[in-house]
2 protein chains.
Amino acid sequence: MNTQKTTDLREFKNILKKHGLKATPQRIAVHETMMKLGHACADMVVDEINSSGTTSVTAASVYNILSQLALLGVYGHRLSANNKMYFDVNTFKHVHMYDCENHVYRDVVDNDLMTMVSEHLGRKKFRGYSIKDIDIQIIVHPTRRKAPKA
Amino acid sequence: MNTQKTTDLREFKNILKKHGLKATPQRIAVHETMMKLGHACADMVVDEINSSGTTSVTAASVYNILSQLALLGVYGHRLSANNKMYFDVNTFKHVHMYDCENHVYRDVVDNDLMTMVSEHLGRKKFRGYSIKDIDIQIIVHPTRRKAPKA
DNA sequence: GTGATTGCAAATTTTTTGCAAGATA
DNA sequence: TATCTTGCAAAAAATTTGCAATCAC
């Protein structure tokens, strides 16, 4: 279970160094974009970087970079209902709110809930398995007011 | 939020009829397989059906059938960490246990937990959104000792 | 300098689509 | 019979891979 956070660029470079990874412009750009977007999938990051004009990346590199960082635990990651891998700069223990119409994630900080659930589940035994993580997602949809849809 | 269950074949046919869908051998086979497997993704269903010899289906049809049934709320569905859509015959409100090594889902019936979380979240307000569902997943990995596995 | 990293294009994997042939009510 | 469904093959969409060129250290 991951409980770290990496929002500072300097710290990010330290993490890269610590893992023997080079601080390439692409990696920096990806991380800056992730810090800006919060939750994003590869194509969003690619577009954001390439439209900013400062750095240029290919999709393949972004996929590699994001996966690698997720593997190191620097990012969280999850598959959304629209079949894309979303990465999350914030690896604090938190709940996700997922807008299933617009495919947007938002963090919900609710320590009471996390604690409550963790403690409840900690009391249970799952024969042959160890709990690695607990994932809580609140699936929401925008409260429409005008245009009640077809 | 879905709270129904469809494990009976007769009831399944009624549901099809109710929605104006025909009780084709393929749909029956898919549902029987889903009842047998509990949680499965399209390719698992295809293999299971085609290896049983009784009925034959193509992948495209299984994808269509499963998606359609999920849309009707007959099945639940979720994307797993190995990037495949898993369907779930059981649409009772329940928690999922996900073995992230073998990519296997199991239902965990824990009404206390569901109630606790629902009540807790019901008290919160999410501006502009309505809660559609609450998804709790316990990500586990096998406690290697004597190879639990299937 | 040298090994890590990127870019590029092609390959893989999962899922979807269009349309003709076939089955169901 | 009229329509819904399936099968087939090709198309899409997301992600991965192989390898040469390039860059960070």
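Each chain gets a letter, A, B and so on, in the order its sequence line appears, and its residues count up from 1. Heavy-atom basis, side chains included; hydrogens, waters and symmetry copies ignored.
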Colleague: Could you please name the option among D/dC8, D/dT15, D/dA24 that lies closest to any side-chain atom of A/Ala42?
Modeller: D/dT15
Colleague: Which of these nucleotides, C/dA9, D/dT3, C/dT16, is closest to any side-chain atom of B/Tyr63?
Modeller: C/dT16
Colleague: Where the side chain of B/Thr58 is defined as all heavy atoms beyond and including C-beta, which of D/dG7, C/dC8, C/dT24 is the nearest nucleotide?
Modeller: D/dG7
Colleague: Test side-chain contact (heavy atoms from CB on, under 4.5 Å) on A/Lys13 and A/Ile28 and set out the steps.
Modeller: CA-CA 8 Å; A/Lys13 290 186 182 173; A/Ile28 303 293; 3.6 Å; yes
Colleague: In whole Å, I'd like the distance from the CD1 atom of B/Ile28 to the P atom of C/dA25.
Modeller: 9 Å
Colleague: Does A/Met85 form a side-chain contact (heavy atoms from CB on, under 4.5 Å) with B/Asn83? I'd like the steps, not just the answer.
Modeller: CA-CA 8 Å; A/Met85 184 64 83; B/Asn83 202 11; over 6 Å; no
Colleague: Figure out the CG/C1' separation between B/Leu21 and D/dT6, and round it to whole Å.
Modeller: 14 Å
Colleague: A/Lys13 has an atom NZ; how far is it from atom C1' of D/dC25, in whole Å?
Modeller: 14 Å
Colleague: Considering every strand and a 4.0 Å limit on heavy-atom distances, what is the contact class for A/Ala59: base, sugar-phosphate, or nothing?
Modeller: nothing
Colleague: In whole Å, I'd like the distance from the NZ atom of A/Lys18 to the P atom of D/dC25.
Modeller: 17 Å
Colleague: Give the nucleotide from the list C/dT16, C/dT6, D/dT6 with an atom nearest to the side chain of B/Ser61.
Modeller: D/dT6
Colleague: Taking atom types as they are modelled, is there a donor-acceptor pair under 3.5 Å from the base of C/dT15 to the side chain of B/Lys84?
Modeller: no
Colleague: Counting side-chain heavy atoms from C-beta on, which of D/dT17, D/dC25, D/dC8 comes nearest to A/Ala23?
Modeller: D/dC25
Colleague: Over how many whole Å does the gap from A/Asn64 atom CG to C/dG7 atom C1' extend?
Modeller: 10 Å
Colleague: Let me know the distance between NE2 of A/His31 and C1' of C/dT5, rounded to the nearest Å.
Modeller: 19 Å
Colleague: Check each of B/Arg78, B/Gln137, B/Arg106 against B/His96 using the side chain to side chain donor-acceptor pair (under 3.5 Å) test, and report the only one that passes.
Modeller: B/Arg78
Colleague: Separation of A/Gln68 atom CD from C/dT5 atom P, in whole Å?
Modeller: 6 Å
Colleague: Compare the minimum distances between each of C/dT5, C/dC8, D/dC4 and the side chain of A/Ala60, then state the nucleotide with the smallest one.
Modeller: C/dC8
Colleague: Using a cut-off of strictly less than 4.0 Å, decide whether B/Gln26 has a side-chain nitrogen or oxygen near OP1 or OP2 of C/dA23.
Modeller: no
Colleague: Counting heavy atoms from C-beta on, name the nucleotide in D/dG7, C/dG7, C/dT5 closest to the side chain of B/Ser56.
Modeller: D/dG7
Colleague: Could you tell me how far apart A/Met44 (CE) and D/dA13 (P) are, to the nearest whole angstrom?
Modeller: 18 Å
Colleague: Determine whether the side chains of B/His39 and B/Asp107 contain a donor N or O and an acceptor N or O closer than 3.5 Å.
Modeller: yes
Colleague: Take atom NZ of A/Lys36 as the centre, draw a 6.0 Å sphere, and report whether it contains more than 12 heavy atoms from other residues, nucleotides or ligands.
Modeller: no
Colleague: Measure from the side-chain heavy atoms of B/Val57 and tell me the nearest of C/dT24, C/dT17, D/dG7.
Modeller: D/dG7
Colleague: With a 4.0 Å cut-off on N to O distance, would you call A/Asp133 and A/Lys93 a salt bridge?
Modeller: yes
Colleague: From C-beta outward on B/Lys22, which listed nucleotide comes closest to its side chain: D/dC25, D/dT5, C/dT15?
Modeller: D/dT5
Colleague: Can a side chain N or O of B/Thr24 be found less than 4.0 Å away from OP1 or OP2 on D/dT6?
Modeller: yes
